[in-house]
Amino acid sequence: MAATLHRLRSWLGAALAAATLSMACVSVAEAAPTPTTDGEFGVQIVGGTRASTSTYPWVVYLATSSGFQYCGGTLVAPNKVVTAAHCTEGDSASAVRVVAGRDDKNSTAGTVARVTKIWIHPSYTDVTRGYDVSVLTLDRNLSQTPIKFATSADSALYAAGTSSTILGWGDTSSGGSASRYLLKATVPLTSNSTCASAYGSRFNATHMVCAGYTQGGTDTCQGDSGGPLVAGGKLIGITSWGDGCADPGIPGVYARVSTYAAQIQAQL
Ligand code: 4AZ
């Protein structure tokens, strides 16, 4: 369902998408006034810069069989990709492509793998209830280097203020259009209390971690879902949800990978 909506969005454009995605995502562009940081600079994730898959070989994107990018993902083994459950929910494996080593969506660089199995966390229902985790098995081993993911031993990586990296090919402003190129940005992890102040009971610290500057301006956005939040050289989060993108006081929300480490490991 959600992946289908992501695809519809690709086809029909951002304006229609705002209405369409309101069913799958918790919020839409009109949830908050568009800040001056949105759109004015015409760059990145929101507020980021271009990045190369040579530097971040484990970042991948999910595409339809027609080649439309609709989510991100992270290579955690040569043939295993971690992504968001809301990216793969309702999909058949045969419909999903994983694109690795391609910075520019309008190029043919890198490798397009097929998917032979989709695992979705069995407790997943919707993003605000947590469990927004999915593992894809690929039809081949990729040459790109995987990244390690956080486990219960990595609680230090989740400390408030930790500098983290977000990556993706998603929208460069709230309600805007997707990036042609891989983009990256650095955002600090927020405290749990800061995130609870923004989201109330929708935020669950066991299942989620938030990141963003108090002043906004830098964030993941629609189309970045499923992609990586990295700190200390490990995958610590999966881009999951948020109210709008990059608004002051409204951080992005990420699935807390350490909570799911054993279940992810069991899929490898
Ligand atoms: C989404 O709908 C989405 N600003 C991803 C990230 C954020 C909001 C929405 C965080 O895919």
Side-chain angles (χ1 to χ4, degrees), residues 1-10 14-35 37-39 44-48 59 61-63 68-74 83-89 124 126-130 132-134 164-179 183-190 194-195 198-199 202-203 207-229 237-256:
M1 173 66 160
T4 303
L5 293 174
H6 278 278
R7 293 166 198 185
L8 277 173
R9 184 171 160 282
S10 295
L16 183 54
T20 306
L21 280 164
S22 67
M23 296 185 288
C25 293
V26 166
S27 67
V28 291
E30 62 269 25
T34 302
T37 44
D38 271 4
Q44 347 319 4
I45 264 197
V46 177
V59 64
Y61 68 81
L62 309 190
F68 286 103
Q69 180 267 332
Y70 61 92
C71 272
T74 307
T83 188
H86 84 261
C87 288
T88 60
E89 184 189 25
Y124 174 75
D126 74 60
V127 294
T128 62
R129 293 181 182 275
D132 195 9
V133 184
S134 178
S164 67
T165 301
I166 50 176
L167 289 152
W169 289 262
D171 291 0
T172 57
S173 66
S174 192
S177 53
S179 178
L183 303 174
K184 73 163 180 338
T186 301
V187 280
L189 301 187
T190 74
T194 292
C195 203
Y199 294 113
R202 291 185 293 161
F203 173 70
H207 295 283
M208 305 166 196
V209 61
C210 298
Y213 295 98
T214 306
Q215 69 268 30
T218 308
D219 199 3
T220 46
C221 203
Q222 279 79 16
D224 293 319
S225 282
L229 174 75
I238 303 164
T239 302
S240 183
W241 65 281
D243 283 347
C245 309
D247 288 340
I250 312 291
V253 189
Y254 301 81
R256 189 177 287 251

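The first residue in the sequence is number 1, and the count goes up from there. Numbering of ligands and ligand atoms starts at 1, following listing order.
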For D219, atoms of ligand 1 separated by under 4.0 Å from a heavy atom: 4 (N), 10 (C)

Can you list the ligand 1 atoms lying under 4.0 Å from a non-hydrogen atom of C245? 4 (N)

Do L189 and L229 have side chains that approach each other closer than 4.5 Å (heavy atoms only, starting at C-beta)? yes

Report the part of C221 (side chain from C-beta onward, or backbone N, CA, C, O) that has a heavy atom under 4.0 Å from ligand 1; answer both or neither where that applies. backbone

Does a donor on one side chain and an acceptor on the other come within less than 3.5 Å for S134 and Y124? no

Less than 4.5 Å apart, any side-chain heavy atom of D219 and any of Y213? no

For atom 6 (C) of ligand 1, tell me which residue out of D243, T218, V253, T220 has the closest non-hydrogen atom. T220

Is G244 close enough to touch ligand 1? Criterion: a residue heavy atom under 4.0 Å from a ligand atom. yes

Could you tell me, atom by atom, which parts of ligand 1 come under 4.0 Å of a heavy atom of S225? 1 (C), 3 (C), 5 (C), 11 (O)

Do S225 and H86 touch side chain to side chain, with heavy atoms closer than 4.5 Å? yes

For the residue pair A84 and I238, what are the closest heavy atoms and their distance? N-CG2, 3.8 Å

